[in-house]
Student: 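I am attaching a structure below and will ask some questions about it afterwards.
Below, chain A is the first sequence line, B the second, and so on; all start at residue 1.
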Amino acid sequence: MAPLQKRALYGLVFGTVWIAAIVVVFIVKGGVNTFGEDQGFRLIMDGLWIGGLIFFGILMLTLRKQCQIDERDRLILGRAPVVQLWAIIFLLVVWTITLTEIYWEQGIPPIFMYLIFMSVLVVSAIAQSIGILIGYWRMGLNGSN
Amino acid sequence: MAQIKNRIRRLRFDNDEMTQEELAKRVGCTRQTIIALEQGKYVPSIELAFRIATAFEVPLEEVFQYDISL
């Protein structure tokens with residue numbers, strides 16, 4: 001496994017745990033209804049996504065220093081943002097359709113601005129790792145020029 | 001599949017069974033890239049191609065051939 005591929009795999013594993021933790025805490029603490037009233041809940045969520053983002057950044061930087069990247073890795077790395085872009089577009093489409101359908105009558109609560117922003121950051125970070133892994137997989141499958 | 005064939009594996013064996021790791025170090029890439037090259041799953045840049053040829057001390061066309069029949 002190439003060093004960059006290993007780095008992406010660690011990123012994906014951490015990202016999955018990170019997303020799961022955010023979703024579980026959000027649901028366990030009461031979800032959308034409690035979020036607006038409970039400041040402690042909001043601080044926990046802030047800590048989770050900002051802390052996770054910082055940890056993710058540190059993890060990637062540390063692994064970056066240890067890993068040798070050559071032209072093939074750079075090619076794959078350069079194509080990864082396409083996956084990031086599609087992941088974000090898909091996420092926004094899901095948010096838009098879901099919120100429109102559920103809150104059409106009463107209007108969308110402002111908390112969703114926060115949740116959309118948080119989810120875009122988290123998904124963007126993980127999608128880069130997925131993009132890198134897809135790049136290696138496709139190159140192994142079809143080759144590349 | 002790539003239309004550019006290479007003889008890297010053959011040349012490694014002709015050069016005292018040079019390992020993929022050793023070749024990778026000499027040309028400044030990862031061992032995984034050498035593996036991908038040998039399997040025909042990656043076509044290198046001109047610069048890397050020249051570095052590989054230089055490592056084997058042979059002309060570029062002895063390492064890489066353009067397969068027009070594909």
Student: What are the two closest heavy atoms between Pro44(B) and Glu71(A), and how far apart are they?
Tutor: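 Scanning both residues, the minimum pair turns out to be CA-OE2, 3.5 Å.
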Student: More than 12 foreign heavy atoms under 6.0 Å from CD of Gln39(A): is that the case here?
Tutor: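 No.
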Student: Following the transitive rule for hydrophobic clusters with a side-chain heavy-atom cut-off under 4.5 Å over Ile, Leu, Val, Met, Phe, Trp and Tyr, establish whether Val28(A) and Ile111(A) coincide in one cluster.
Tutor: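 Cluster IDs for Val28(A) and Ile111(A) differ.
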Student: Could you measure the distance from the CZ atom of Arg72(A) to the CD1 atom of Ile34(B)? Nearest 0.5 Å is fine.
Tutor: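 Nearest 0.5 Å value for the CZ-CD1 distance: 10.0 Å.
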Student: Check Cys29(B) against Asp70(A) and note the closest heavy-atom contact, atom names and distance.
Tutor: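 Nearest pair, atom of Cys29(B) first, then Asp70(A): CB-OD2, 3.2 Å.
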Student: Tell me whether Val93(A) is reachable from Ile130(A) by hopping between hydrophobic residues (I, L, V, M, F, W, Y) whose side-chain heavy atoms are closer than 4.5 Å.
Tutor: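 Not linked; separate clusters.
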Student: Treating Ile, Leu, Val, Met, Phe, Trp and Tyr as nodes and any side-chain heavy-atom pair under 4.5 angstrom as an edge, say whether Ile27(A) and Trp18(A) lie in one connected cluster.
Tutor: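 Ile27(A) clusters together with Trp18(A).
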Student: With a sphere of 6.0 Å drawn around CZ of Phe112(A), does it hold more than 12 non-hydrogen atoms of other residues, nucleotides or ligands?
Tutor: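 Yes, the 6.0 Å shell around CZ holds more than 12 heavy atoms from other groups.
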Student: Closest heavy-atom contact between Pro3(A) and Gln32(B)?
Tutor: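 For Pro3(A) versus Gln32(B), the nearest heavy atoms are CD-OE1, 3.9 Å.
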Student: Anything in residues 6-21 of chain B with a heavy-atom distance to chain A below 4.5 Å? Please list those residues in order.
Tutor: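 Residues in range: none.
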Student: Going only through I, L, V, M, F, W and Y residues with side-chain contacts under 4.5 Å, is there a path from Trp86(A) to Leu91(A)?
Tutor: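 Result: no, two separate clusters.
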Student: Hey, any chance Ile50(A) and Ile22(A) share a hydrophobic cluster, counting ILVMFWY side chains that come within less than 4.5 Å of each other, even indirectly?
Tutor: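 Same hydrophobic cluster.
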Student: Is the number of heavy atoms from other residues, nucleotides or ligands within 6.0 Å of OH (Tyr10(A)) greater than 12?
Tutor: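 No, not enclosed.
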